[in-house]
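Numbered from 1 within each chain, the chains take letters A, B, ... in sequence-line order.
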Amino acid sequence: LHTYNTIINGLCKIGETTVAAGLLKRMNDAGCQPDVVTYNTIIDSTCKDRLVHEALDIFSQMKGKSIKPDVITYTSLMHGLCNSGQWKEASALLNEMMGLNIMPDVVTFSMLIDTLCKEGEVSEAQGVLKKMTEKGVEPNIFTYNSLMDGYCLRREVVEARKILDVMISKGCSPDVLSYSILINGYCKIKRIDDAKQVFDEMIHRGLIPDTVSYSNLLSGLFQAGRVLEAKEVLKNMYTQGHSLNLITYSILLDGLIKQGCFDQALELFRDMQNSYLKPDLAIYNTIIDAMCKSGKLKDARELFLELSVKGLQPNVRVWTTIINGLCREGLLDEAYKAFRQMEEDGCPPD
RNA sequence: GCGUUUGAUGAGCGU
């Protein structure tokens, strides 16, 4: 059973939920009865594939076989429902589980808090925090990080900072994520010096900044027009042995372009094409947009055509960039043609 | 005795 569960989990984690579900069926035939772990693994993975309805079907099957769902089953399902905006259904499940005397734990509460925060409902989230504490469930680093991010999304970075201090005073040591959330928050409100200070503070506390914390700082510096400092940070990043990923590249490219260093950006783009990293749609879109906006519509259209050669299907954002580029040049007929073609290509306009 | 399988948190592009 452990072997089956381990393999099913592995399959789910590499995106083969269907194969995993097939294995679940074969277990039944092979006389090895799946348990709550088997079902939880598949239910969670099905939810993450955004097939919450199917997950609920599997949930019913499981109950039909008298396998008792536990707090993990309910948390996975509620997470799936929340991610697809089905709040009522999620709250019905919460009631159902409590009716069965299955009490939400710190993961359940943190998930709910995170969901509320992402919707901008930080005071609601604070309410949940209060409730969980009353029930004797102590918040952990996940709970605090979600709350911090919630405040940062609302640009209430001072509140986020207070949470970080609460964490420290409660002996819940902030991790790299906590700091990178705060760095991002300060960058978004253009308080770059505070962001830098938080970055240093993180190092002083013995944490090793990762690619995300560097990325946050980089994009903040670019947005503030502090290109030289950005390059300095990039150098540090290399020195510390971090390599660039697609997101870091796109931050650099976008930053260089928006600061008027188009040639440097183009050079970086060429480097990238020669590296093992294959530019994704966001990278192409950055370059295409820059070309459109600097009167190089011809180059932009060439690059756009190159996408399908590279096996990339333009998404809504890329189409919008191109349509906007055509409109700017007054080529309204061409723009309209593109508009119709995107639908034909199975990319409905938004 | 212990460990071994399932759930929660951070960065990029267009209008």
From C-beta outward on [X], which listed nucleotide comes closest to its side chain: [options]?
X: A/H79; options: B/rA11, B/rG14, B/rA8; value: B/rA8
X: A/T75; options: B/rG10, B/rG7, B/rU6; value: B/rG7
X: A/V107; options: B/rA8, B/rG14, B/rU5; value: B/rA8
X: A/N285; options: B/rU15, B/rC13, B/rG10; value: B/rC13
X: A/A282; options: B/rG12, B/rU6, B/rG10; value: B/rG12

If you look at every strand shown and take non-hydrogen atoms under 4.0 Å, does [X] touch a base, only sugar-phosphate, or nothing?
X: A/N315; result: nothing
X: A/V71; result: base
X: A/D350; result: base
X: A/D35; result: nothing
X: A/T41; result: sugar-phosphate
X: A/T286; result: sugar-phosphate
X: A/T6; result: sugar-phosphate
X: A/D175; result: nothing
X: A/I322; result: nothing
X: A/T321; result: sugar-phosphate
X: A/T108; result: base
X: A/L246; result: base
X: A/T73; result: nothing

Starting at [atom1] of [X] and ending at [atom2] of [N], how long is that distance when rounded to a whole Å?
X: A/M111; N: B/rU6; atom1: CE; atom2: P; value: 18 Å
X: A/M342; N: B/rG14; atom1: CE; atom2: P; value: 16 Å
X: A/I323; N: B/rU15; atom1: CD1; atom2: P; value: 12 Å
X: A/N245; N: B/rG12; atom1: CG; atom2: C1'; value: 9 Å
X: A/L182; N: B/rG10; atom1: CG; atom2: C1'; value: 11 Å
X: A/L164; N: B/rU9; atom1: CG; atom2: C1'; value: 14 Å
X: A/I42; N: B/rU5; atom1: CD1; atom2: C1'; value: 12 Å
X: A/F142; N: B/rU9; atom1: CZ; atom2: C1'; value: 6 Å

May I ask you to say whether [X] pairs ionically with [Y], meaning some side-chain N is under 4.0 Å from a carboxylate O?
X: A/D194; Y: A/R191; answer: yes
X: A/E334; Y: A/R301; answer: yes
X: A/K337; Y: A/D333; answer: no

Strictly under 6.0 Å, is that where the ring centroids of A/Y284 and A/F269 end up?
yes
Hey, do the aromatic rings of A/Y74 and A/F59 have their centres closer than 6.0 Å?
yes
Does [X] make a side-chain N or O approach to OP1 or OP2 of [N] shorter than 4.0 Å?
X: A/K258; N: B/rG14; answer: yes
X: A/K188; N: B/rG10; answer: no
X: A/K48; N: B/rA8; answer: yes
X: A/N5; N: B/rU6; answer: no
X: A/K13; N: B/rG7; answer: yes

Could you measure the distance from the CZ atom of A/F222 to the CD1 atom of A/I251? Nearest 0.5 Å is fine.
9.5 Å
For A/E306, look at atom CD and say whether over 12 heavy atoms of other residues, nucleotides or ligands are found less than 6.0 Å away.
yes
